[in-house]
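Contents: one structure, followed by commentary.
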Amino acid sequence: MESSEEDDDFPSIESITPQSKVDSLYQSHTEKGIRKLCCELLDLKDAVENLCGNMRSKYLAFLRISEEAVEMEHELVELRKHISAQGILVQDLMTGVCHQLEEWNQSTTEVQPDPEIGELQDPLPIETDDHKIVLEKIDVLLAEHKVEEALEALDSEERNSPELKSSGDTSSTEGSSYRSAFLKRKAVLEGQLVEVTGQPFVSFPELKKALSGLIKIGKGPLAHQLLLKFYGSRLEKSIEALSPSCSVCPKTYPATLSKLVFSAISLATMKSGSIFGDNPVYTNRVVQWAEWEIEYFVRLVKENAPSSGTVSALRAASVCVQASLNYSLMLERQGLKLSKLILVLLWPFIEEVLELNFRRARKLVLDLVEADECMSFSPRFAAPLSAFTISSDRMLADSGIRFMCIVEDILEQLTPLTILHFGGNILSRISQLFDKYMDALIKALPGPSDDDNLTELKEFVSFRAETDSEQLAILGVAFTILEELLPNAVMNLWKQQSESGEPKSGSAENVTPIPSTSTELKDWRRHLQHSFDKLRDHFCRQYVLSFIYSREGKTRLDAQIYLNGDGDDLYGGSTPLPSLPFQALFAKLQQLAIVAGDVLLGKDKIQKILLARLTETVVMWLSDEQEFWGVFEDDTGPLQPLGLQQMAVSLDPLT
C-alpha cells in the first residue's frame with residue numbers, strides 16, 4: 001500500500017532523464033569537437049613541419065651551391081696560376097734552349113770554322129726572344145683585361161727599350177717589327193680604356209683611372225674629349241628624366257633645368273682642372289663645350305615654355321634669367337665667364353615674351369578680351385579709386401582698378417635680375433600701356449580729339465562722361481594712378497631689386513653695362529606726366545571752347561562790346577565790371593571749382609593745377625584769336641578809355 005501511494009504522489013518520476021545520461025550525452029558532443037580540433041591542429045603542425053623542412057632543405061641547397069661557387073672560383077684562380085706557371089716554364093725553356101744553342105754555336109765555331117756552319121749562328125737572338133716574352137706577357141694581361149697591369153708593363157717597356165724610344169727610324173727590321181707589334185698592343189689597350197669610359201653606369205673613380213691611363217699612353221686630347229662626353233651624356237639623361245615635368249610645372253622647369261645644366265658644367269670644369277691641370281688648350285675646350293650646352297639649354301627653355309603671351313611664360317622667363325645668371329656668377333669662381341653669352345641668347349626670348357604679354361595687357365585694358373580667371377583684382381586698388389564713383393556707375397573706377405591689377409600681375413612675375421637687365425624695357429612698355437589707357441579716357445570725354453591715333457579706340461569706349469562731375473572723376477582716376485598707385489607698385493619692386501644686392505661684386509665686367517636705375521625711373525615718370533598732361537589739356541580745351549562757342553559756332557567773347565558797350569550793368573560804382581561773357585566764364589569756373597572740391601576731395605594738387613590750366617587755356621585762345629584782336633586794329637571803331645578799362649578788368653583775373 002505504501003508503494004502505491006508514493007507512485008500516486010509522484011506520477012512523473014519516470015519521465016525525468018537521469019543525470020548520468022545527460023553528462024554522457026553532452027560529454028560525447030564536446031569530446032567530438034575537441035577531437036576534431038586536435039586533428040586539425042595536428043594537420044597544421046604537419047604542414048608547418050613540412051614547410052620548415054622545405055625551407056631548410058632549400059637553404060642547405062643554397063649554401064651548398066654557394067660553397068661550390070666559392071670552390072669553383074678557387075679552382076679558376078688555381079687554374080690561372082697554373083697557366084701562368086706553365087707560361088713561365090715555357091719561357092724558361094725557350095731561354096735555356098737559346099742559351100744551349102748559343103753555347104753549341106760557339107763551341108762548333110772554335111773547333112771548325114766552317115762557313116756553312118757560320119750561317120747557322122744566332123738563329124734566335126736574345127733580344128728578339130726578350131721582345132717576344134714582353135709582348136706575350138702584355139697579350140696575357142690584355143686578354144685578362146688587367147688594364148692597370150698592362151699599362152704599367154707598356155710604360156715600363158717603353159721607358160727601358162731603346163727601339164721604342166727612337167722616333168721611328170730603326171736600324172734593323174727586327175726593331176721595326178717589334179715597334180709595330182708594341183704599338184698594336186698599345187692600340188688594343190687604348191680601345192679597352194675607351195670601352196671603360198663608355199660603360200653606361202661607370203663610376204667617376206673608374207672613369208678617372210681610364211682617363212689617366214689614356215694620358216699615360218699619350219692620348220690626352222682623347223681623354224679630355226671622353227671626359228666632356230661623360231658629363232654630356234649624364235646631363236642628357238637628367239634632362240630626359242626632367243622632361244615630363246615641364247608640362248606639369250612650367251614655371252619652375254627653367255630653374256630646375258638651369259640647375260642641371262650649370263651643375264654639369266661646374267663639375268666638368270672642376271674635374272678637368274683636377275685631371276688635366278690648367279692647360280689652356282683643355283680650358284678652351286671646356287669653355288666651348290659649356291657654351292654649346294648653354295645654347296642647348298636656351299633652346300630647350302624656348303621649346304618647352306608656355307605660350308609666350310601668357311603670364312606663366314613671363315614668370316618662366318624671369319625665373320630662367322634669375323637662375324641662369326646666378327649660376328653663371330658661381331661659375332666665374334672657376335674661371336668661366338658666361339653671363340654675356342646667357343644674356344645674348346636669352347634677350348630675343350625675353351623680348352618676345354614681354355611684347356606679347358604687354359600686347360595682351362593692352363587688349364585687357366581696352367576690354368577687347370576678358371581677363372584671365374587666375375588674375376585676381378587686388379582690393380587695395382579699390383579704396384582709392386572707388387572714391388571717384390559717380391552715382392551707381394562703377395565703370396570708370398573699375399577700369400582704373402583693372403588697369404592697376406593688370407600692371408601688378410605683370411610686375412609680380414619679375415625677378416630681381418630680370419628687372420636689373422630688362423628694367424628699362426619694362427618701364428617703357430608700362431609707359432606705352434599707360435598711354436593707351438589715357439587715350440581711352442580722352443575718348444570718354446566730350447569733344448573731338450586732335451590725336452589721329454585714337455581712331456582705333458572709337459569702338460571700344462565703354463563709358464562716356466557727360467557732366468562736369470563725370471569728367472572730373474576721369475581726371476581724378478588718372479591722377480591717382482599717376483601720382484600714387486602706379487609709382488608705388490613700380491618703386492616697391494625696383495627697391496626690392498636694389499636691396500637684394502644683385503649682381504654681386506665681380507660680375508660687372510661680365511655683363512653689359514646697365515643704365516642708372518634712378519635715371520630710368522625719372523625718365524619714366526616724366527613720360528607718364530606728359531601722357532597725363534594730354535588728358536588734362538584735352539579736358540581744359542574742350543571745356544573752355546564749349547563755353548566760348550555757342551552751338552551755332554559763334555563766339556561769345558566779342559570785342560565789339562568794348563567798343564560800343566555803355567550799359568550801366570557793366571559798372572559797379574566807379575569801377576567798371578568785367579564784360580558779361582567774362583562774368584559768365586568766371587562764374588562757370590567758380591562752379592567747376594566747387595564741383596572739383598567735392599569730386600576731387602583731398603586732391604588739392606590736381607585742383608590747383610586744373611584751374612590754373614583752365615585760365616591758361618583761355619589766355620592761349622585769346623592770344624591766338626586774330627578775329628578778336630582784329631576789331632581793335634580797325635580804325636572804324638576806336639577803343640574808348642572806358643572800354644579799354646573794362647577790357648583790362650575782364651582780363652585781369654586771367655593774368
Side-chain angles (χ1 to χ4, degrees), residues 239 242-243 245-258 261-262 291-328 338-366 368-372 374-375 403 405-437 456 490 493-494 497 511-515 520 524 527:
I239 292 175
L242 179 66
S243 296
S245 66
C246 67
S247 58
V248 180
C249 305
K251 294 183 180 180
T252 59
Y253 173 76
T256 308
L257 181 62
S258 62
V261 173
F262 287 95
E291 290 176 351
W292 186 89
E293 292 295 341
I294 290 175
E295 291 177 1
Y296 179 59
F297 157 71
V298 174
R299 187 164 63 251
L300 283 178
V301 170
K302 292 180 180 179
E303 292 175 355
N304 296 281
S307 178
S308 298
T310 61
V311 177
S312 299
L314 181 58
R315 181 61 182 175
S318 299
V319 170
C320 179
V321 172
Q322 183 74 22
S324 58
L325 289 180
N326 275 334
Y327 287 124
S328 68
L338 303 171
S339 299
K340 284 185 179 180
L341 175 65
I342 293 171
L343 288 175
V344 169
L345 294 176
L346 287 177
W347 198 279
F349 174 59
I350 303 299
E351 285 284 334
E352 177 186 356
V353 173
L354 287 174
E355 171 62 27
L356 294 180
N357 267 268
F358 276 94
R359 187 179 299 175
R360 176 183 58 86
R362 286 194 293 271
K363 294 180 179 179
L364 289 173
V365 167
L366 300 177
L368 300 182
V369 295
E370 295 183 358
D372 300 336
C374 60
M375 186 178 67
F403 173 82
C405 290
I406 292 169
V407 174
E408 185 183 52
D409 191 40
I410 292 176
L411 294 177
E412 287 178 347
Q413 314 307 321
L414 304 178
T415 57
L417 288 179
T418 305
I419 295 173
L420 178 64
H421 296 284
F422 300 92
N425 191 325
I426 295 169
L427 289 177
S428 175
R429 295 180 185 277
I430 294 176
S431 303
Q432 296 173 9
L433 185 63
F434 186 76
D435 292 344
K436 292 294 183 181
Y437 183 58
E456 58 178 305
V490 172
L493 190 62
W494 259 247
Q497 179 271 324
V511 295
T512 54
I514 305 301
E520 289 180 347
W524 175 69
H527 184 96

Hey, could you give me each pair passing salt bridge (Lys or Arg N to Asp or Glu O under 4.0 Å) that has a residue in residues 311-323? Not counting sequence neighbours.
none
Point-to-point distance, once rounded to the nearest 0.5 Å, from CZ of R299 to CG of L345
10.0 Å
For T252, what residues pass the side chain to side chain contact (heavy atoms under 4.5 Å, CB included) criterion, not counting sequence neighbours?
C249
For L325 against I342, the heavy-atom pair lying closest together:
CD2-CG2, 4.1 Å
Determine whether a donor-acceptor pair (N or O, by modelled atom type, separation under 3.5 Å) exists between the side chain of D409 and the backbone of C405.
no
Atom pair SG/CG of C320 and L417 - distance to nearest 0.5 Å:
11.5 Å
Set of side chain to side chain donor-acceptor pair (under 3.5 Å) partners for T418, sequence neighbours left out:
T415
Please enumerate all residues that pass side chain to side chain contact (heavy atoms under 4.5 Å, CB included) together with A305, with sequence neighbours excluded.
F349
Measure across S324 and F297 and return the closest heavy-atom pair with its distance rounded to 0.1 Å.
CB-CE2, 4.1 Å
Partners meeting salt bridge (charged side-chain N to carboxylate O under 4.0 Å, His left out) with E355 (sequence neighbours left out):
R359, R362, R429
Could you tell me whether the side chain of L427 reaches within less than 4.5 Å of the side chain of H527, counting heavy atoms only?
no
Approximate separation, where rounding is to 0.5 Å, of N425 CG and I350 CD1:
10.0 Å
Starting at CD1 of I426, measure out to CG of L414 and round the result to the nearest 0.5 Å.
4.5 Å
Results of side chain to side chain donor-acceptor pair (under 3.5 Å) for S328 - residues two or more places apart only
S339
Can you name the side chain to side chain contact (heavy atoms under 4.5 Å, CB included) partners of I410, sequence neighbours left out?
L314, F358, A361
The criterion is side chain to side chain donor-acceptor pair (under 3.5 Å); which residues satisfy it with S431, sequence neighbours excluded?
W524
Quick check against the 3.5 Å criterion: does T310 have a side-chain atom that pairs as donor or acceptor with the backbone of A313?
yes
Can you find a pair of side-chain heavy atoms, one from F422 and one from S318, that are under 4.5 Å apart?
no
Results of ring pair (Phe, Tyr, Trp, His ring centres under 6.0 Å) for Y437 - residues two or more places apart only:
F403
Go through the steps to decide whether I430 and L411 satisfy the test side chain to side chain contact (heavy atoms under 4.5 Å, CB included), and finish with yes or no.
CA-CA 10 Å; I430 294 176; L411 294 177; 3.9 Å; yes
Suppose the criterion is salt bridge (Lys or Arg N to Asp or Glu O under 4.0 Å): which pairs have a residue in residues 301-312, not counting sequence neighbours?
none
Whether the side chain of S428 engages the backbone of G424 through a donor-acceptor N/O pair (distance < 3.5 Å, no angle test) should be reported.
no
Test side chain to side chain contact (heavy atoms under 4.5 Å, CB included) applied to S308 - qualifying residues, sequence neighbours left out:
E352, V353, L356
Could you grab the distance from atom CD1 of I239 to atom OG1 of T256, nearest 0.5 Å is fine?
12.0 Å
Pairs in or reaching into residues 411-428: which pass salt bridge (Lys or Arg N to Asp or Glu O under 4.0 Å), with residues at least two apart or in two chains?
none
